[in-house]
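Report on one structure; see the data block that follows.
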Amino acid sequence: MLQQTPVARVLPVHEAWLERWPTPSALADETSGEAVRAWGRLGYPRRALRLHAAATEIRDAHGGEVPSTYDQLIALPGVGDYTAAAIASFAFGRRHVVLDTNVRRVLARTLTGAEFPAASVNRAERDLAATVLPESDDDAAAWAAASMELGAVICTAARPACDSCPVVDLCAWHAAGRPAYDGPARKVQDYAGTDRQCRGRLLAVVRDAEGAVPRGRIDAEWHLAEQRDRALVSLVADGLVAEVEPGWFALP
DNA sequence: CAGCCGTGGGC
DNA sequence: TGCCCAAGGCT
């Protein structure tokens with residue numbers, strides 16, 4: 001839920017989710033459509049599908065217990081490098097480089113003196129992060145949590161609170177006078193008018209309906225027929241929407 | 001690896 | 001107000 005989503009927005013959904021499905025097996029025993037419905041408006045609803053699929057795999061291949069190693073975790077759907085490292089580190093105390101957007105920004109500023117990291121993680125950045133990771137499992141896990149929290153609370157993207165930063169005295173970016181970012185332009189994704197927005201609109205119709213909805217209800221939601229059709233086809237292909245009978249759509 | 005995959009709050 | 005961005009993953 002936290003992937004690309006602010007903590008404050010996740011909290012209420014997360015709480016209701018665990019109330020309803022306290023264990024991976026409980027989630028796996030529901031339909032994927034119920035997961036999509038409970039996901040609500042968190043965004044990137046394929047994450048709900050993947051979480052349901054991961055729960056199913058945990059139930060069927062791991063005896064219902066969340067696996068504890070990075071290799072087992074990253075093999076689960078929707079679990080990539082960051083999430084696997086985070087779970088292994090935070091939940092199981094293993095030593096891993098936990099490189100999320102917060103840590104990347106903290107390391108960019110403190111170690112390389114740049115206001116923002118590169119667009120994507122590269123080898124050099126990963127190696128640099130590894131060089132400052134403490135040796136012991138316990139210290140590494142504490143380091144991962146601390147560096148993430150520092151980025152989330154103090155060393156934020158827009159308004160870093162250097163005045164209250166515990167490592168301001170060893171920060172390369174601060175020492176350099178907090179120079180403005182001068183790397184390649186950081187691109188912000190368009191949203192209005194994109195297929196992504198269209199998919200969101202169409203899925204909302206199906207998600208918020210009691211049972212199946214007729215094609216006409218969906219068509220009324222988006223003006224451009226070509227884009228609307230493409231979006232609906234892709235939603236069905238992704239498994240977010242099912243055509244339960246010709247011209248009628250529902251959650252899977 | 002660049003581009004795609006949602007949504008809404010802050011400034 | 002529009003822009004920026006948020007505990008990424010997948011292809």
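What you are looking at is a predicted structure, and each value in this text was computed from that prediction instead of being measured. Side-chain atoms are counted along with the backbone in the values below, which use heavy atoms only and exclude waters and symmetry mates. A, B, ... follow the sequence lines: proteins, then strands. Residue 1 opens every chain.
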Next item on the list: Name the nucleic acid region contacted by A:T194, choosing base, sugar-phosphate or nothing; use a 4.0 angstrom heavy-atom cut-off, strictly under.
Entry: nothing
Note to self: What's A:T5 touching, base or sugar-phosphate or nothing? Going by heavy atoms closer than 4.0 Å.
What the structure shows: base
Notebook entry, point to check: Which part of the nucleic acid, if any, lies within contact of A:R104, taking any heavy atom under 4.0 Å across all strands shown: a base, the sugar-phosphate backbone alone, or nothing?
Noted result: nothing
For nucleotides 7-11 of chain B, list the nitrogen or oxygen atoms of the protein found under 3.5 Å from its nitrogen or oxygen atoms, one pair per line.
{"from": "B:dT7", "atom 1": "OP2", "to": "A:Y191", "atom 2": "OH", "distance (Å)": "3.2"}
{"from": "B:dT7", "atom 1": "O3'", "to": "A:R41", "atom 2": "O", "distance (Å)": "3.4"}
{"from": "B:dT7", "atom 1": "O2", "to": "A:R9", "atom 2": "NH1", "distance (Å)": "2.6"}
{"from": "B:dG8", "atom 1": "OP1", "to": "A:R41", "atom 2": "NE", "distance (Å)": "2.6"}
{"from": "B:dG8", "atom 1": "OP2", "to": "A:R41", "atom 2": "NH2", "distance (Å)": "3.3"}
{"from": "B:dG8", "atom 1": "O4'", "to": "A:R9", "atom 2": "NH2", "distance (Å)": "3.4"}
{"from": "B:dG8", "atom 1": "N3", "to": "A:R9", "atom 2": "NH2", "distance (Å)": "3.2"}

Checklist line | Positional range of nucleotides in DNA chain C within the contact set of chain A, heavy-atom, under 4.0 Å | finding: C:dC4 to C:dC10
Next item on the list: Please confirm whether A:R94 makes a cation-pi placement over A:Y70, using NZ or CZ under 6.0 Å from the six-membered ring centre and within 45° of the ring normal.
Entry: no
Item checked: Upstream residue (5' side of DNA chain C) when A:V7 and A:L76 are each assigned their closest nucleotide -> A:V7
Margin query: Applying a strict under-4.5 Å side-chain criterion to I, L, V, M, F, W and Y, I'd like to know whether A:V236 and A:Y44 cluster together.
Written below: no
Check: Honestly, is A:R105 close enough over A:F116, meaning NZ or CZ under 6.0 Å from the six-membered ring centre and within 45° of the axis?
Finding: no
Checklist line | Residue whose closest nucleotide on DNA chain C lies nearer the 5' end, A:F116 versus A:Q189 | finding: A:F116
Notebook entry, point to check: Around atom CG of A:D190, are there more than 12 heavy atoms of other residues, nucleotides or ligands at under 6.0 Å?
Noted result: no
Notebook entry, point to check: Taking atom P of B:dG6 as reference, at what distance in whole Å does atom CG of A:L202 sit?
Noted result: 11 Å
Notebook entry, point to check: Between A:E221 and A:R228, does at least one N-O distance fall below 4.0 Å, as a salt bridge requires?
Noted result: no
Next item on the list: Using a heavy-atom cut-off of under 4.0 Å over every strand shown, decide if A:A157 touches base, sugar-phosphate, or nothing.
Entry: sugar-phosphate
Item checked: A:K187 side chain near B:dA2 phosphate (N/O to OP1/OP2, under 4.0 Å) -> no
Check: Reckon A:D238 touches a base, only the sugar-phosphate, or nothing at all at heavy-atom distances under 4.0 Å?
Finding: nothing
Checklist line | Nearest-angstrom distance, P atom, B:dC5 to C:dA7 | finding: 22 Å
Item checked: Whole-Å gap separating C1' (B:dC4) and CG (A:L240) -> 14 Å
Item checked: Pairwise P distance for B:dG8 and C:dG9, with rounding to whole Å -> 22 Å
Check: Is there a side-chain contact (heavy atoms from CB on, under 4.5 Å) between A:Y82 and A:V98 once you walk through the steps?
Finding: CA-CA 6 Å; A:Y82 158 72; A:V98 179; 3.6 Å; yes
Item checked: Heavy atoms from other residues, nucleotides or ligands near NE2 of A:H62 exceed 12 (cutoff 6.0 Å) -> yes
Notebook entry, point to check: Does A:R104 come within less than 4.0 Å of A:E125, counting only side-chain N to carboxylate O?
Noted result: yes
Check: If you draw a 6.0 Å radius around CD in A:E19, do more than 12 non-hydrogen atoms from other residues or ligands fall strictly inside?
Finding: no
